[in-house]
Amino acid sequence: MEKTTFTQKHLLGIKDLTRNDIELVLKTADSFKDLMNRPVKKVPSLKDTTIVNLFYENSTRTRISFELAEKRLSADTINFATSSSSVSKGETLIDTANNILSMKVDMIVMRHYASGAPHFLSRHVDAAIINAGDGTNEHPTQALLDAYSIREQLGSLQGKKVAILGDIMHSRVALSNIFCLKKLGAEVTVAGPPTLIPKHIKSLGVNVTYNIQEALAWCDVANVLRIQLERQNLPLFSSLREYSLYYGVTKKMLDSLKKEIVLMHPGPINRGVELSSDAADSHHSIILNQVENGVAVRMAVLYLLAGKK
Amino acid sequence: MKLLLDQEKFDFVIQRLAQQLIENHPDFVNCVLIGIQPRGIFLANRIVAQIKYDFKIVVPYGKLDITFHRDDIHSQNNMLIPNQTDIDFSIDGKQVILIDDVLYTGRTIRSALDALVDFGRPDKVELMALIDRRYSREFPIQADYIGLRVDSIFSQKVKVFWKENDKKDEVVLIDNH
């Protein structure tokens, strides 16, 4: 029987993963995707594992996706949203986590508004930590499901051209995607307004352009990111209307390319801002496939980490 | 190392297993074969081919992966990577013959039964194994069709070689010291 090792105890970021780790997740996800099309969508692999979903920041897709993945693996799950918890009374992150762990929890899926929060927690508590998004740092499972979705459409990532468009500066999806795509051998271009592209992004080995059309003409895959209004305290562009005019992607633009292009978006979409409704709902779009694949990819991550216990 | 089956005996065992099957399942009506991934597939392929050759009957045949139903994912040093499950028919009301190469502790079969019932409610499940390592069971599981019974101790290993994969058909008993 083929055996391969996942090198990580936690999933904190794509930065820490080897190419082999990533490929292992994608390959394992194939089996879970297959499972999702069967009458019984559940397996008993994690029946002895308890997982807490610790969300310090709002989420729809990621939280539901993780919860579904956990349940399909037969894990026991606890959901924790800070808004309705003692965090609002001033409890610290470590205290919260240790209190939860004293109830014998094996894994923590964590989203936090502070970059590095899961890394910090992983050094202080005895449980496997899965980063479900930390501030503007990383969102590893999103990058894995994006890679899985591209692989599903195009067969492989090697040599493929991927453009990441929009708010690169505030996006943890962008950073995780860049690490993941580069490790899998894809070429990456980031495009957006100069104010939303970090100055030293080129050091990660990506191309930079401020022209969305140019990036679209170049790429096989366009991953359009959400304008993260909640993280912007400086006026980095003058208005949403202006942003949409110069940096928004429309169906007309995609059709005018006269080529096959895969359109992705990590959600939630600001319809009419970074992506027009007709583009989001066009045949180019694999946005709902991404969501479907998210469950399979998260099942793979949970399964591989649980096996390391 | 002890040779348990050479090529000639190996072929004979496969033929006999196919014969035993048809004695219990005339014309293979309502009957399906399920090979257990990964190495039960080799035996299942041979049985399917043998039945086709001997009786001109094509029996529905699927592959079952049990990785996610194992009871030992935490005790593995290496992660167990899944194989493909491919069962494109309903097993509701069917006579299912599960096929694996070596029956040892019975844990694989226990997992396989769990995995199998997710695909429906078979009328009956039978088990075929090329090799039965007797007196080693950790679960009350016995095979209905056995190629060869082997008496072995815990430290020994039974290795089945398949032409498709290992360039020869052979079964050996290996002493691990």
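The sequence lines fix the lettering, A, B, ..., with proteins before strands; numbering per chain opens at 1.
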Colleague: Does Lys41(A) NZ have over 12 foreign heavy atoms under 6.0 Å away?
Modeller: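 Result for NZ/Lys41(A): enclosed.
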
Colleague: Would the number of heavy atoms belonging to other residues, nucleotides or ligands and lying under 6.0 Å from CZ of Phe139(B) be above 12?
Modeller: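 Count over threshold, so yes.
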
Colleague: Are there more than 12 heavy atoms of other residues, nucleotides or ligands under 6.0 Å from atom CZ of Arg149(B)?
Modeller: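 12 or below, so no.
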
Colleague: Quick check: are there more than 12 heavy atoms from other residues, nucleotides or ligands sitting under 6.0 Å from CG of Asp27(B)?
Modeller: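 No, the 6.0 Å shell around CG holds no more than 12 heavy atoms from other groups.
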
Colleague: Rounded to the nearest 0.5 Å, what separation is found between the OG atom of Ser31(A) and the CD1 atom of Ile81(B)?
Modeller: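 Taking OG in Ser31(A) and CD1 in Ile81(B), the distance rounds to 9.0 Å.
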
Colleague: When you compare the side chain of Pro82(B) with that of Phe32(A), does any pair of heavy atoms fall below 4.5 Å?
Modeller: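 Of all side-chain heavy-atom pairs linking Pro82(B) with Phe32(A), none is under 4.5 Å.
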
Colleague: Counting only heavy atoms not in Glu260(A) (residues, nucleotides, ligands), do more than 12 fall under 6.0 Å from its CD?
Modeller: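 Open: at most 12 neighbouring heavy atoms sit under 6.0 Å from CD of Glu260(A).
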
Colleague: Look up atom CG in Asp71(B) and atom CG in Asp48(A), then write down how far apart they are to the nearest 0.5 Å.
Modeller: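 Those atoms lie 10.0 Å apart.
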
Colleague: Quick check: are there more than 12 heavy atoms from other residues, nucleotides or ligands sitting under 6.0 Å from CD of Glu8(B)?
Modeller: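 No, not enclosed.
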
Colleague: Side-chain contact, heavy-atom cut-off 4.5 Å: Tyr303(A) with Thr67(B)?
Modeller: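 When only atoms from C-beta onward are counted, Thr67(B) and Tyr303(A) do touch, with a gap below 4.5 Å.
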
Colleague: Counting only heavy atoms not in Lys33(A), do more than 12 sit closer than 6.0 Å to its NZ atom?
Modeller: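 Correct, the count exceeds 12.
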
Colleague: Restricting to non-hydrogen atoms, name the atom on Phe68(B) and the atom on Pro44(A) that form the minimum distance, rounded to 0.1 Å.
Modeller: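 Heavy atoms of Phe68(B) and Pro44(A) come nearest at O-CD, 3.5 Å.
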
Colleague: OG of Ser45(A) to CZ of Arg70(B): how many Å apart, nearest 0.5 Å?
Modeller: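 Going from OG on Ser45(A) over to CZ on Arg70(B), the span is 10.5 Å.
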
Colleague: Pick one of side chain, backbone, both or neither for Leu73(A), based on which atoms fall under 4.5 Å of a heavy atom in chain B.
Modeller: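 It is neither, since no heavy atom gets under 4.5 Å.
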
Colleague: Residue by residue, which of residues 101-126 of chain B have a heavy atom closer than 4.5 Å to a heavy atom belonging to chain A?
Modeller: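 Expected list: Asp118(B), Phe119(B).
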
Colleague: Should we say atom NZ of Lys104(A) is surrounded by more than 12 heavy atoms from elsewhere, each under 6.0 Å from it?
Modeller: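 No.
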
Colleague: Tell me, for Lys42(A) versus chain B, whether the close heavy atoms (under 4.5 Å) come from the side chain, the backbone, both or neither.
Modeller: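 Contact with chain B involves the backbone of Lys42(A) alone.
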
